Asker: 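Can you read through this structure? Questions will come right after.
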Amino acid sequence: MTDAPKHPPLAFSGMQPTNTLHLGNYLGALKNWVPLQAKMACLFCVVDMHALTDDAGYRKPGDVTRSTYEVAAAYIAGGIDPKRSPIFNQSRVPQHAELAWILNCVARVGWLDRMTQFKEKSGKHTERSSVGLYTYPVLMAADILVYKATHVPVGDDQKQHLELARDIAQKFNNDYAVPGYFPLPEPVITGPATRVMSLRDGVKKMSKSDESDNSRINLTDDADAIAQKIRRAKTDPHPLPNNQNEFKGRPEAENLINIYAALSDDTAEKVMRQFAGQQFSTFKNTLAELAVSKLAPITAEMRRLMADRAEIDRILKSGAEKAQSLAEPILADVKKIVGLVG
Ligand code: TYM
């Protein structure tokens, strides 16, 4: 098999409009998207069809709609320039779903059986989960490959899904003897906070679905709530560590230091040099001030944008038109490659 052709750099990423975005989504993903815009073409999607995969019993149609606008508002407030990088919702570009079906026929059941997020989300009730939840990573692969995206900036929890996307791309290229047709998308997992942990339990990921609202800082929280959640965050009785070796057995200390580092655009080492030996109560006050100063302007801008859904809608529609113009010829190619007529 010959070498892959060189694909022009293109970044694609997305977030699910389920519940409210939190600090993990911001530091693990959105914050890293902003500087990428200066380096390559980017597409940022609100993956609304993914939001249908969890249990509809807990979700109202209006929740997905509201959250779609909120996620789009967060993208813009967080620094994505929609004129430069199209922002759009997935369901407006039907090529995602069409390619997902074709890729469902490429992906193997054994591959999906290994996906840890499905196991976590379905829990003990695998057979009662939606089929959509099971094939979710294939739709995610389609999201990326329908644009031949080369880079995918995400948090650490998406690593396995991206490996699957690469496997699917490779198998498609092999099965249909089109070497290098799809690029093998590169995960871009950067910064000191690729995995932000719960504020209540340093070994659990900060998550939209955690029952405790105190476990996360929402991008809609006001200054008081942010400060209070940080001050109440679980810690241990020891002073702040000196270096990373001292993180052993201290996941909460590691988490708060990484959050500080990401918010202040520093390394964890530098933050430790600054605070080593101090009490958590002092550190938490400084962290709370830093978090409020960085997040409050984003929250305020989100609120302003959310007051005008029509404006967000114009942005999503125009983003979808641009995205569709990129996806259409690729899907047409793929259909030809697999032998579909039309
Ligand atoms: P989602 O909506 O769960 O999360 C959106 C982004 O936030 C990151 N993230 C975190 N980063 C650090 N710490 C955390 N605690 C944390 N929680 C979430 C996620 O890694 C992600 O980057 N499957 C994806 C959405 C998706 C997608 C795609 C992403 C669908 N299609 C194509 C990239 C490309 C998801 O559920 O993300």
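Predicted model only: the values in this text are computed from it and were never measured. Ligands are counted one by one from 1 in listed order, and the atoms in each one are counted from 1 as well.
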Asker: Quick one: do the Gln16 and Tyr136 side chains pair a donor with an acceptor below 3.5 Å?
Answerer: yes

Asker: Can you confirm whether or not the ring centre of His96 sits under 6.0 Å from the ring centre of Tyr147?
Answerer: yes

Asker: Regarding Lys171 and the six-membered ring of Phe182, is the cationic atom NZ or CZ under 6.0 Å from the ring centre and inside 45° of its axis?
Answerer: no

Asker: So which protein residues pack against ligand 1 under 4.0 Å, heavy atoms counted?
Answerer: Phe12, Ser13, Gly14, Met15, Gln16, His22, Gly24, Asn25, Gly28, Ala29, Val47, His50, Tyr136, Met140, Asp143, Ile144, Val152, Val154, Gly155, Asp157, Gln158, Ala193, Thr194, Arg195, Val196, Lys205, Met206, Lys208

Asker: Mind checking whether Tyr176 and Phe172 have parallel, tilted or perpendicular rings, split at 30° and 60°?
Answerer: tilted

Asker: Between Glu252 and Thr235, do the side chains contain an N or O donor and an N or O acceptor separated by less than 3.5 Å?
Answerer: no

Asker: Measure from the ring center of Phe12 to the ring center of Phe44 and say whether it is less than 6.0 Å.
Answerer: no

